[in-house]
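Written out below as structure tokens is the structure these notes cover.
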Amino acid sequence: MHILIIEDNPDIAANLGDFLEDRGHTVDFAGDGITGLHLAVVNDFNAIVLDLQLPGMDGLDVCRKLREDAGKDTPVLMLTARDRLEDKLTGFDSGADDYLVKPFALQEVEARLDVLSRRGRHRGSRVLQVGNLKYNLDTLTVNRDGTEIELNPIGLKLLRCLMESSPNVVTRAELEKEVWGEEMPDSDSLRVHIHSLRSQIDKPFGTKMIQTRHGIGYRLMESDAV
């Protein structure tokens, strides 16, 4: 599993990280809520271990923003010293999948993460992802680096075709057929819609993802490197 630990206590984070890495897992760390939320949004983890009392942004807000703002369904295991029923219900209400009270056994943490990871793999949502760009085919929502992007139906069709083929080049003819079928548009229509797609997918962000292969077509890549 690839696991993100968001925990400001360095001893707890180190002990948990060492144990999980010794068991063959890959572990990333964040010591505050803001950094943890950023990592959780721009990466795909199998599971997240989330402390509640964090500097910058507490765990409840991290989980809530992860679910509601970023639309991420990465399984979250909350670790906390708060053991009241009300605290647990608040944690679940914010979007947590499981709740474990400190002190805890390291083996139990791994077991719960394994269950959450397997459950997450079977949720059935269809999401295309290239770098920090995501397209949920079920909800028809697109976001890049946690920012939601509104696309029209043609933009969604073009993006899906480019993302499904990434990093390969998609020819102009293939894109035109995907969008318009046998009723081919005038020669400038595809160029106009690609320009519009670029203005929404690339222009507000630091790197370009949609590349032109002159005389051939277009491709979508994780960065603007050729």
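Numbers here simply count residues along the sequence, with the first being 1.
Contact check for Asp145 versus His38: side-chain heavy atoms found under the 4.5 Å cut-off. Side-chain contact check for Asp8 versus Asp32: every heavy-atom pair is 4.5 Å or farther apart. Counting heavy atoms from C-beta on, the side chains of Leu20 and Ile3 come closer than 4.5 Å. Leu140 places a side-chain heavy atom less than 4.5 Å from the side chain of Tyr135. Between Val41 and Leu66 the shortest side-chain heavy-atom distance falls below 4.5 Å.
By the 6.0 Å contact criterion, NE2 on His195 is open, its count of non-hydrogen atoms from other residues, nucleotides or ligands being 12 or less.
No side-chain donor-acceptor contact under 3.5 Å links Arg219 to the backbone of Met209. Checked by atom type and distance alone, the side chain of Asp58 never pairs as donor or acceptor with a backbone atom of Leu52 at under 3.5 Å. Without hydrogens or angle criteria, Asp98 side chain to Leu77 main chain gives no donor-acceptor distance under 3.5 Å. Arg112 places a side-chain N or O within 3.5 Å of a backbone atom of Tyr99 that can act as its donor or acceptor partner. At distances below 3.5 Å, at least one donor-acceptor pair connects side-chain atoms of Ser94 with backbone N or O atoms of Gly91. At distances below 3.5 Å, at least one donor-acceptor pair connects side-chain atoms of Lys72 with backbone N or O atoms of Asn43.
Using a cutoff of 4.0 Å between basic side-chain nitrogens and carboxylate oxygens, Lys102 and Glu7 are scored as salt-bridged.
One distance of note links OH of Tyr218 with OG of Ser165; it measures 15.0 Å at 0.5 Å rounding.
For the residue pair Asp93 / Thr90, no side-chain donor-acceptor distance below 3.5 Å is found, with atom types taken as modelled.
Between Leu162 and Leu220, the shortest heavy-atom distance links the atoms CB-CB, 4.0 Å. Between Leu37 and Val62, the shortest heavy-atom distance links the atoms CD1-O, 3.7 Å.
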